[in-house]
Protein chains: 2
Amino acid sequence: MAKVADRYLVVDTWKVVEDGFDPGRNRVSESIFSLGNEYMGVRAYPEEGYSGDSLIGSYFNGLFEEIKVAAHYKGIIRFLRFMVSAVDWLYVRINVNGEALDLATSPFSDFRRELDFKRGKYVRSFVWHLADGKQLRLTFERFVSMNVSNLGCQRISFEPLNFSGQVDVRTGLDFSVVHEDQGRCFWQSVRHGWEEGVTAMLGETTGTKNRLYSGFAMDVPNAVQTKPVEAERFIGQDVTIRLTQGEASTFDKFVFNCAEKELSVTNDRLWSAGLQQAKAYVGASYEELEQSQANYWENVWKESDIVIEGDPDNQQGIRFCIFNLYQTYHGDNPGFNIGAKGLTGEAYRGLAFWDTESYCLPFYIFNNSRAAKSLLEFRYKSLPHALARAKELDCAGAFYPIATIDGTESCDLWQHSNLQLHVGTAVAYGIRHYASMTDDLDFLYDKGLEMLIQISRFYATRGQWGQKTGLYGYFGVMGPDEFQLMVNNNCYLNLMAKKLFEYTLEVIDRMSGEAEEAFQALAERLDLTAEEQVDWRSKAEKMKIPQDPETGIYEEHDGFFDMPHLDIHSIPVTEFPLYSHWSYDRLYRYDMIKQPDVLMFMFLYSGDYTIAEKIANYEYYESRCIHESSLSPSIHSILAAEIGKEAEAYSFFEFATRLDLDNYNRNTREGLHTTSIAAAWMNIVYGFGGMRSDGGRLSFRPTLPARWDGYSFPVSYKESKLLVEVDKQRVSIKVVSGNPVDIAIYGRSCSIDSTGMTFELEQLVGQ
Amino acid sequence: MAKVADRYLVVDTWKVVEDGFDPGRNRVSESIFSLGNEYMGVRAYPEEGYSGDSLIGSYFNGLFEEIKVAAHYKGIIRFLRFMVSAVDWLYVRINVNGEALDLATSPFSDFRRELDFKRGKYVRSFVWHLADGKQLRLTFERFVSMNVSNLGCQRISFEPLNFSGQVDVRTGLDFSVVHEDQGRCFWQSVRHGWEEGVTAMLGETTGTKNRLYSGFAMDVPNAVQTKPVEAERFIGQDVTIRLTQGEASTFDKFVFNCAEKELSVTNDRLWSAGLQQAKAYVGASYEELEQSQANYWENVWKESDIVIEGDPDNQQGIRFCIFNLYQTYHGDNPGFNIGAKGLTGEAYRGLAFWDTESYCLPFYIFNNSRAAKSLLEFRYKSLPHALARAKELDCAGAFYPIATIDGTESCDLWQHSNLQLHVGTAVAYGIRHYASMTDDLDFLYDKGLEMLIQISRFYATRGQWGQKTGLYGYFGVMGPDEFQLMVNNNCYLNLMAKKLFEYTLEVIDRMSGEAEEAFQALAERLDLTAEEQVDWRSKAEKMKIPQDPETGIYEEHDGFFDMPHLDIHSIPVTEFPLYSHWSYDRLYRYDMIKQPDVLMFMFLYSGDYTIAEKIANYEYYESRCIHESSLSPSIHSILAAEIGKEAEAYSFFEFATRLDLDNYNRNTREGLHTTSIAAAWMNIVYGFGGMRSDGGRLSFRPTLPARWDGYSFPVSYKESKLLVEVDKQRVSIKVVSGNPVDIAIYGRSCSIDSTGMTFELEQLVGQ
């Protein structure tokens with residue numbers, strides 16, 4: 001089951017570099033070299049047209065299509081919604097004397113591409129060998145602006161090495177892109193035209209009527225001739241550029257994209273607003289825009305860089321992760337969420353899962369709390385959908401979807417969408433986590449509590465009382481461990497629901513004291529009754545949390561201890577992933593688990609459990625876990641670090657930062673494991689840094705992996721910013737901005753200010 | 001939850017009669033008045049064209065189409081196969097002076113239709129009132145021949161009441177029939193023509209290339225003119241018939257249909273074979289054919305009639321059941337099975353379930369043992385498919401499909417097709433039941449044991465050992481009670497598998513003694529090892545069959561006793577059927593059951609359980625059962641009769657024989673509940689007749705329902721035929737053909753011969 005790196009790319013701590021072109025790996029590179037700015041994302045496909053294996057992927061956060069699904073029964077979804085593949089705004093075709101460039105067929109040399117973390121851009125260059133011996137160096141640059149989220153920029157430089165002449169360039173906006181998974185294009189053109197230096201098209205999806213205005217301006221100093229061109233679902237310009245031997249002629253394209261899901265906005269308004277903004281880029285300077293992009297990223301690294309000494313691989317890896325977390329989400333646009341693959345591919349359909357609150361949210365809480373809040377706002381905005389979904393499932397309150405793009409449920413496997421209830425508790429945990437780390441009571445009282453109350457109502461109606469035990473719990477559920485399809489009293493879920501009830505009651509108690517008037521208004525609006533609070537209290541108290549009194553091991557669900565045992569190491573490597581090689585039902589009948597479940601709650605509520613309990617449960621469940629979720633190893637690594645299994649902790653960490661760079665799961669071609677990237681950050685900060693944030697106060701128990709010389713990471717906490725630095729002897733912590741804060745280091749309370757404190761590095765409990 | 005009769009039809013003990021026409025009930029009547037002869041079936045749709053609500057349904061046993069389904073995971077089916085709607089061979093259009101007949105728009109009077117159990121034909125008549133005051137009496141007769149299974153006959157009589165003139169008739173074969181569930185026609189014409197008095201078309205299904213030759217001859221004494229006519233997927237004749245006031249002019253059509261699934265048969269061969277046989281009906285006599293049909297049915301009633309004195313409703317009902325059991329299946333054509341709706345509609349897609357062995361087989365064992373054997377031959381023929389399916393599910397041996405038309409799995413709900421394992425044990429039970437009641441050792445040794453061995457192999461690889469209990473059982477299954485989606489150790493399944501292993505070993509033991517050479521050949525062919533027999537023995541011995549030692553109640557599956565309780569009588573009537581009104585997952589989290597599960601095995605292995613155990617389990621499970629399967633009430637009735645709950649037994653029986661006649665489930669419009677019809681027979685013979693056939697010897701404990709004056713039923717047993725007659729005082733049993741047999745009455749052994757024996761009617765154990 002060991003994962004094996006597919007080492008290929010050059011190691012560079014501030015860049016991803018591919019030296020030479022391997023067509024067999026092109027799709028993998030397209031994912032890795034993807035660009036995004038939260039508003040839009042674009043795979044690193046060869047924009048000049050490529051007849052080899054490639055996925056043209058250009059995505060806009062939240063833009064979706066839907067298809068009707070045959071629903072057999074009540075409560076099973078009727079529409080499958082997915083992030084739709086959108087306009088290829090980088091479209092270009094290049095001809096010299098009628099000879100077309102296509103890397104699948106044209107001879108070329110000196111291929112190299114780079115993704116630059118410091119400047120936030122993607123550069124690709126090579127020398128094209130034409131049939132008549134001419135050699136033309138082409139350099140393609142692109143970036144999507146972090147400053148103006150609608151803006152995408154492209155520069156192509158042509159440098160003839162041994163001739164002078166002309167190159168014919170067709171550039172444009174191509175709405176005829178096929179959504180590969182569905183095998184068809186979902187776009188139609190509503191309007192197009194050339195006005196005021198802008199070439200534009202307004203496209204519309206056929207089913208959902210989502211619209212996208214795309215308009216571009218060009219800057220081509222050596223243009224000889226320019227001519228408008230159009231085709232079905234395509235608009236553009238044909239440009240002929242003069243080339244002089246040894247000199248670079250540039251072609252710059254500034255594309256303004258504006259997505260609109262609101263049906264009430266007229267096409268005219270969309271068109272004129274788009275034009276208004278797009279034309280601002282007529283005469284723009286590529287250099288200036290590119291420099292301001294670099295400035296943005298300079299700030300990001302100032303805020304969030306993790307430095308690892310003595311391990312360039314992981315240094316590159318963690319920067320790749322942080323780079324992509326910012327690319328995918330930074331909270332500029334409320335209403336967005338984080339798809340499992342970000343904006344880098346069609347896999348998982350662009351849908352967001354519980355990964356958002358369970359794996360991504362911590363990164364944002366401790367790096368960019370505005371973004372963290374914005375993520376929770378997504379859940380608040382989609383509360384009406386969650387209320388409707390609960391009703392569909394014959395329950396009260398709010399049931400958050402297991403997979404969503406717009407707040408509605410979009411998982412077409414009913415066994416997951418109807419039986420997996422853990423998104424709601426993850427949202428509640430996220431609210432609690434965010435509020436306790438930021439002290440943002442405004443959010444908590446204004447929106448957080450409303451969600452908590454509605455989520456609690458769901459859990460109070462979905463659960464039932466065991467007839468023999470008299471205890472409360474959830475029957476007919478699937479926990480995070482998806483290898484147990486439908487069980488009763490999943491321990492993780494029961495525990496999380498218990499905590500949910502307790503926290504909701506705690507916030508009610510606190511708000512009714514601290515903000516009485518606002519609370520009364522809320523209680524009235526939601527018809528909050530004393531009876532339901534009594535009910536939640538009683539359900540929390542009588543929640544079934546089964547633990548073997550002798551061993552201290554929690555039983556993952558009713559009957560788990562009697563499930564047939566399988567030595568997971570006896571499964572031949574060729575049978576992984578099991579989903580593809582085992583009959584579907586066979587997955588469900590062993591004591592083998594897919595990902596942490598009991599261990600997950602022992603991490604989330606770390607302070608509630610003793611080291612002895614953690615050791616006992618880790619030993620039991622780790623040996624049964626096959627990690628068929630890319631989110632799994634990091635949680636194991638964090639717990640292993642805590643219980644002193646240093647080598648194991650490092651071995652689980654080993655592929656965390658480079659999961660995609662080294663294509664460990666051999667499916668990076670489909671897109672990046674964006675939410676797993678967030679787990680890599682957790683792995684370093686919670687794992688080696690030993691940070692815990694589940695109590696009222698932040699605490700640290702840093703360790704240093706044997707292979708590292710040192711590392712440092714920043715943490716935002718209650719409006720201050722801390723820097724934690726670890727080397728072979730010492731741990732130093734200081735406040736780099738904001739007021740002094742009280743935290744705990746190795747269990748000792750201390751107040752940290754800007755001068756900081758230094759501690760000796762401690763050995764943790766051994767095995 | 002009480003079922004309510006929708007009384008509408010006239011009660012007549014030898015017919016079904018509808019007096020007057022109710023367009024809102026037309027589809028229901030189309031199902032009820034269906035005709036079939038096992039080879040083909042046809043709904044009672046108005047063949048003259050009807051623009052109202054109607055389902056043109058003409059079906060051929062085993063003819064199927066398939067559509068590809070998107071399979072998410074391994075082991076989930078890739079093709080959905082279904083009985084395809086086929087040629088409308090009764091097609092006719094009737095015009096008088098350009099005025100077309102259509103009961104949805106034409107005025108008419110004196111409508112009446114009858115289904116005649118004695119003659120096996122369907123007759124419909126009415127008077128058509130033409131716009132100009134003319135009145136034409138039309139009588140439509142049809143039957144599908146029980147003697148020549150390819151033959152369907154139609155007679156239309158025209159009797160002008162107040163005029164003389166002409167009628168224009170277009171008759172033909174219409175292959176353009178739309179399969180309603182799929183919304184399209186699956187047929188294309190391969191060849192058509194008029195030769196030697198036969199008008200014919202050879203049709204082919206587009207996907208599966210199943211073929212159907214259909215050719216007809218006509219006899220129209222008063223024909224004035226005849227002209228061939230054709231259209232897309234249609235061929236026919238236009239006939240003008242002279243009408244004389246007060247006289248009936250007849251139009252007779254003899255249709256020869258021949259279905260072919262074998263691809264190697266050429267179209268030429270099919271065509272000429274069809275023509276050869278169809279032309280034999282040129283010049284045929286309708287009266288003669290109709291009389292020989294009546295003769296066939298006379299024999300059926302001699303063989304199988306159940307007489308009920310003092311209850312014309314149930315008398316009509318049980319004859320309707322027996323009539324339909326013979327119509328659906330009588331074993332003339334090996335390779336056929338019995339769809340849940342027989343040949344009467346598209347619902348359940350024409351697929352056969354475990355109903356065949358569990359509910360239908362007993363009727364055939366005791367009425368027509370050749371048909372019983374033929375049903376088991378279907379499973380033998382499809383053994384290769386079952387072997388392949390087991391492999392797909394990572395198991396050894398044979399896994400019989402939960403729903404099938406051709407032996408492959410065709411249930412597209414993976415939760416049923418992958419988790420329901422009980423067809424295999426039902427087949428094994430059927431083999432045992434058939435062999436023990438008929439002493440047909442040839443079948444048992446020639447085919448039965450091979451199936452038993454392969455089925456045992458499946459159950460020995462699909463099951464697992466409980467880690468805590470050390471007992472064997474099945475994890476991740478759905479029992480017959482489909483309200484428990486995925487459970488461990490379903491008690492019914494575990495018990496049936498234990499019995500399967502034991503019986504397989506018993507037959508191995510017996511055959512190796514009685515037919516050593518044949519056994520050695522079989523063992524060699526199947527690689528039967530001593531080790532696997534030891535393994536089966538050990539699994540049978542260590543099978544988990546959980547029973548509460550205090551109450552004697554069997555636990556339906558692990559954890560059932562802790563499942564949340566629901567008082568089923570508290571569910572509002574409007575919420576039934578729950579499948580339509582409750583969120584799908586909600587069905588699965590109560591101690592409510594859909595149909596008997598524990599009670600089912602207490603019936604199947606009745607002799608193994610004491611009356612006290614039956615009472616305890618009946619009280620417990622009956623109060624939790626909502627009978628959302630039409631198969632459920634009869635089993636409850638049989639057990640209620642046995643434990644002395646006479647009133648309850650009758651109340652569960654009440655809708656058994658008239659389920660469709662009185663449209664209890666309000667869905668008879670989709671087709672008849674053909675397999676439930678078989679349960680009605682079981683209800684009388686096993687329930688009131690108290691027959692038990694699970695031991696080595698047949699036994700009876702007859703009771704008489706309070707509302708009846710008496711009843712009698714025949715039973716074939718070991719090549720003899722018994723007649724059981726019950727009146728208010730006595731039970732008489734005699735052999736009506738064959739040798740004397742040893743049976744038990746009220747627990748007393750006796751040898752019955754043709755003079756018979758008479759016993760006093762006994763009261764059974766009271767409550």
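In what follows, chains carry the letters A, B, and so on, assigned in the order in which the sequence lines appear, proteins first and then strands, with residues in each chain numbered from 1. For clarity, every value in this text was computed on a predicted model and none was experimentally measured.
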Please classify the contact between L413(A) and chain B as side chain, backbone, both or neither, with a heavy-atom cut-off of under 4.5 Å.
side chain
Which donor-acceptor pairs sit under 3.5 Å apart between chain B and chain A?
| from | atom 1 | to | atom 2 | distance (Å) |
| --- | --- | --- | --- | --- |
| K74(B) | O | Y584(A) | N | 2.9 |
| D394(B) | OD2 | S583(A) | N | 2.7 |
| D394(B) | OD2 | R586(A) | NH1 | 2.8 |
| N418(B) | ND2 | D585(A) | OD1 | 3.2 |
| Q464(B) | NE2 | R589(A) | O | 2.7 |
| Q467(B) | N | D562(A) | O | 2.9 |
| Q467(B) | N | D562(A) | OD1 | 2.9 |
| Q467(B) | NE2 | M563(A) | O | 2.6 |
| Q467(B) | NE2 | D591(A) | OD2 | 3.1 |
| K468(B) | N | D562(A) | OD1 | 2.7 |
| T469(B) | N | D562(A) | OD1 | 3.0 |
| D562(B) | O | Q467(A) | N | 2.9 |
| D562(B) | OD1 | Q467(A) | N | 2.9 |
| D562(B) | OD1 | K468(A) | N | 2.7 |
| D562(B) | OD1 | T469(A) | N | 3.0 |
| M563(B) | O | Q467(A) | NE2 | 2.6 |
| S583(B) | N | D394(A) | OD2 | 2.7 |
| Y584(B) | N | K74(A) | O | 2.9 |
| D585(B) | OD1 | N418(A) | ND2 | 3.2 |
| R586(B) | NH1 | D394(A) | OD2 | 2.8 |
| R589(B) | O | Q464(A) | NE2 | 2.7 |
| D591(B) | OD2 | Q467(A) | NE2 | 3.1 |

Which residue out of G75(A), G559(A), G470(A), G466(A) racks up the most heavy-atom pairs below 4.5 Å with chain B?
G466(A)
At a heavy-atom separation under 4.5 Å, does L419(B) approach chain A through its side chain, its backbone, both, or neither?
side chain
Sequence neighbours excluded, which residues qualify as side-chain contact (heavy atoms from CB on, under 4.5 Å) partners of V69(B)?
I77(B), L80(B)
Select one option (side chain, backbone, both, neither) describing which atoms of L393(A) are under 4.5 Å from chain B's heavy atoms.
both
